[in-house]
Amino acid sequence: MRIVDAAVVVTSPGRNFVTLQLRTDAGLTGLGDATLNGRELAVAAYLSEHVVPLLIGTDAHAIEHTWQSLYRGAYWRRGPVTMAAIAAVDVALWDIKAQVAGLPLYQLLGGASRDRVATYGHASGRDLPELFDSIRARLAEGYPAVRVQTGVPGLQRVYAVAQPDADTVLPVVEDWDSAAYLRHLPGVFESVRNEFGPDLPLLHDVHHRLSPQQAARLGRDLEPYDLFWLEDVTPAEDQSALRLVRQHTTVPLAIGEVFNTVFDYQTLITERLIDFVRSPVTHFGGITAVKKLLDLAAVYGIRSGLHGPADISPVGMAAAVHLDLAVHNFGIQEFTGHPPAAAEVFRGGYTFRDGHLHPGEAPGLGVTLDLDAAAAYPYRRAYLPVNRLHDGSVHDW
Ligand code: CS2
Ligand code: MG
């Protein structure tokens, strides 16, 4: 079975998504997510200009060989643009192979290791009353675990709390002060625990903003509140930073949403510096690569917590849910849903019920792409926010 055609579809039903659709001479189509938030057209161009011409005429069943050819054959390895493109090809080929087998994709990954996939949702508020309302809303939706983000006194626009201005073209500027944040956050978690009791799994995302010393202090200060995980405490490219954090706190650490290959985790996993790996299928080279990552992590007792915000498309999320159901060392899946219009473009796929996901029993990934609906939502340029300190200098966002 040969690949005969490939379409790179950029659409914006509420937000931008990039999807690769491969077609074979057997008349089958497979989908892969190539969305890279704020850099969508870079991946679309990499796919159209460089990857697709290499695929036409190749064996659609040779997933591992194709992966190695795109990774090793480019010479310029790694990086989010390249690995998102490879991920889209990989997932589309898995989708096709599972359709040939007539099986839902998770069956090709070893079959179900669990009945359903537990998720966490996002709660945030500028102050405690707003935050409590947001947590209650997630609990009412059935989420078994909640990520808690809060405003910080003295800061105007904080990650996950500030609402983006409508129709901003240039990046939104948020503000940041690590000292104010470190003073404020433990009290917020104390209040949340007092209000919601000891059983609710709570998570928090630091979004790569602290020095190792600050992160170690925060981990210690949060220990009484029994977090499920503390995420991305330090800038992620510095693996050795987490050695210092790990020596000073027992808080479970999660990292990896901006990683693209297993080498980004080499020190972290083999030295047992983390508890959860966070890479999404979409930015890490696909199912082939994330499965290998999770197998390495399993050797060290490390579990999955795959990245699943709205910028992972319904196709990327479906791939994650198949993998989550199959692997033994699943931890939790982030899931925030998508803008309503996305359901017009991406049909089918997983279901979300009682805070849990199930990939369904349709052959393949189970997602179809409506090209007419996609065309009705043209691309709109979008940026992620940036962070500034009080003196105007740039801080990690
Ligand atoms: C976040 C993301 O979900 C998360 O944990 O860190 O929302 C992240 O900010 C976005 O994916 C960036 O595109
Ligand atoms: Mg995060």
Side-chain angles (χ1 to χ4, degrees), residues 12 14-18 33-43 79-81 83-84 87 119-124 134 138 143 145-150 157-164 168 171-174 176 181 185 201-210 215 218 227-237 242 251-260 264-265 268 274-284 304-317 320 324 331-339 342 357 380-387 395-397:
S12 193
R15 64 168 314 123
N16 292 322
F17 296 113
V18 181
D33 177 23
T35 309
L36 183 62
N37 199 4
R39 293 292 183 271
E40 296 85 358
L41 297 189
V43 189
V81 173
M83 300 312 291
T119 67
Y120 70 90
H122 290 185
S124 64
S134 178
R138 297 294 86 75
Y143 280 102
V146 181
R147 188 189 84 160
V148 169
Q149 304 296 133
T150 172
R157 305 181 72 98
V158 174
Y159 165 73
V161 180
Q163 295 300 316
T168 45
V172 168
V173 179
E174 297 182 356
W176 189 246
Y181 166 77
L185 192 67
L202 297 174
L203 302 82
H204 179 72
D205 190 347
V206 186
H207 229 253
H208 307 118
R209 290 166 185 207
L210 300 178
L218 181 65
L227 267 60
F228 184 89
W229 81 37
L230 188 61
E231 174 180 337
D232 290 346
V233 287
T234 47
E237 60 269 43
L242 289 184
V251 69
L253 297 171
I255 200 163
E257 67 181 47
V258 299
F259 290 173
N260 350 104
D264 298 325
Y265 285 104
L268 300 177
I274 56 172
D275 301 279
F276 295 92
V277 296
R278 294 267 299 133
S279 297
V281 168
T282 301
H283 301 145
F284 200 80
S304 72
L306 305 191
H307 192 211
D311 44 290
I312 302 297
S313 89
V315 173
M317 184 57 62
D324 291 336
I332 200 164
Q333 173 65 53
E334 182 180 25
F335 181 67
T336 63
H338 295 97
L357 291 160
R380 299 173 62 197
R381 187 186 303 154
Y383 287 95
L384 286 163
V386 297
N387 237 347
H395 191 73
D396 307 68
W397 181 76

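Order of listing sets the numbers, starting from 1, for every ligand and every atom in it.
At least one side-chain heavy atom of H204 sits under 4.5 Å from a side-chain heavy atom of V206. Residues F284 and M83 are not in side-chain contact: their nearest non-hydrogen atoms beyond the backbone lie 4.5 Å or more apart.
Taking only nitrogen or oxygen atoms, main chain and side chain alike, Y120 does not reach within less than 3.5 Å of ligand 1.
Atom 6 (O) of ligand 1 has E257 OE2, 2.6 Å as its closest protein atom, hydrogens excluded (heavy atom only). Nearest to atom 9 (O) of ligand 1 among the protein's heavy atoms is H207 NE2, 2.8 Å. Of all protein heavy atoms, the one lying nearest to atom 3 (O) of ligand 1 is E334 OE2, 2.5 Å. Looking only at protein heavy atoms, the nearest one to atom 2 (C) of ligand 1 is H307 NE2, 3.4 Å. Nearest protein neighbour of atom 1 (C) of ligand 1, counting heavy atoms only, is Y159 OH, 3.0 Å. Ranking the protein heavy atoms by distance from atom 13 (O) of ligand 1 puts N37 ND2, 2.8 Å first. Of the protein's heavy atoms, D311 OD1, 3.7 Å lies nearest to atom 10 (C) of ligand 1.
Taking the six-membered ring where the residue is Trp, H283 and H307 present tilted rings, their angle falling between 30° and 60°.
Counting the atoms of ligand 1 from 1 in the order shown, those under 4.0 Å from a heavy atom of R278 are 4 (C), 5 (O). Heavy-atom contacts of D205 reach the following atoms of ligand 1: 1 (C), 4 (C), 5 (O), 6 (O) (cutoff under 4.0 Å). Atoms of ligand 1 lying under 4.0 Å from at least one heavy atom of R147, given by number and element, are 1 (C), 3 (O), 4 (C), 5 (O). The ligand atoms of ligand 1 that sit less than 4.0 angstrom from a heavy atom of P309 are 3 (O), 7 (O), 11 (O). In summary, the atoms of ligand 1 found under 4.0 Å from a heavy atom of W397, numbered by their order in the structure, are 9 (O).
Coordination check, D232 versus the Mg ion (ligand 2): failed, since every N/O/S atom of the residue sits at 2.8 Å or beyond. Checking E231 against the Mg ion (ligand 2), an N/O/S atom falls under the 2.8 Å cut-off.
Between T35 and N16 the shortest heavy-atom distance is CG2-O, 3.5 Å.
Screening V146, L202, I332 for a side chain to side chain contact (heavy atoms under 4.5 Å, CB included) involving F228 leaves a single residue, I332.
We find that E334 and R278 are joined by a salt bridge, their nearest charged nitrogen and carboxylate oxygen being less than 4.0 Å apart.
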#### Entry: Derivation and outcome, ring pair (Phe, Tyr, Trp, His ring centres under 6.0 Å), residues F17 and H338
CA-CA 11 Å; F17 296 113; H338 295 97; 5.8 Å; yes
### Chi angles and distances behind the ring pair (Phe, Tyr, Trp, His ring centres under 6.0 Å) call for Y120, Y143
CA-CA 6 Å; Y120 70 90; Y143 280 102; 8.3 Å; no
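Of all N/O/S atoms in D205, OD2 sits nearest the Mg ion (ligand 2). Within E257, OE1 is the N, O or S atom that lies nearest to the Mg ion (ligand 2).
When ring centroids are compared, W176 and Y181 come within the 6.0 Å threshold.
Of the possible donor and acceptor atoms, none in the side chain of S313 sits under 3.5 Å from a partner among the backbone N and O of D33.
With rounding to the nearest 0.5 angstrom, the OG1 atom of T119 is 12.5 Å from the CG atom of L306.
The side chain of L384, and not its backbone, has at least one atom closer than 4.0 Å to an atom of ligand 1 (non-hydrogen atoms only; side chain from C-beta on).
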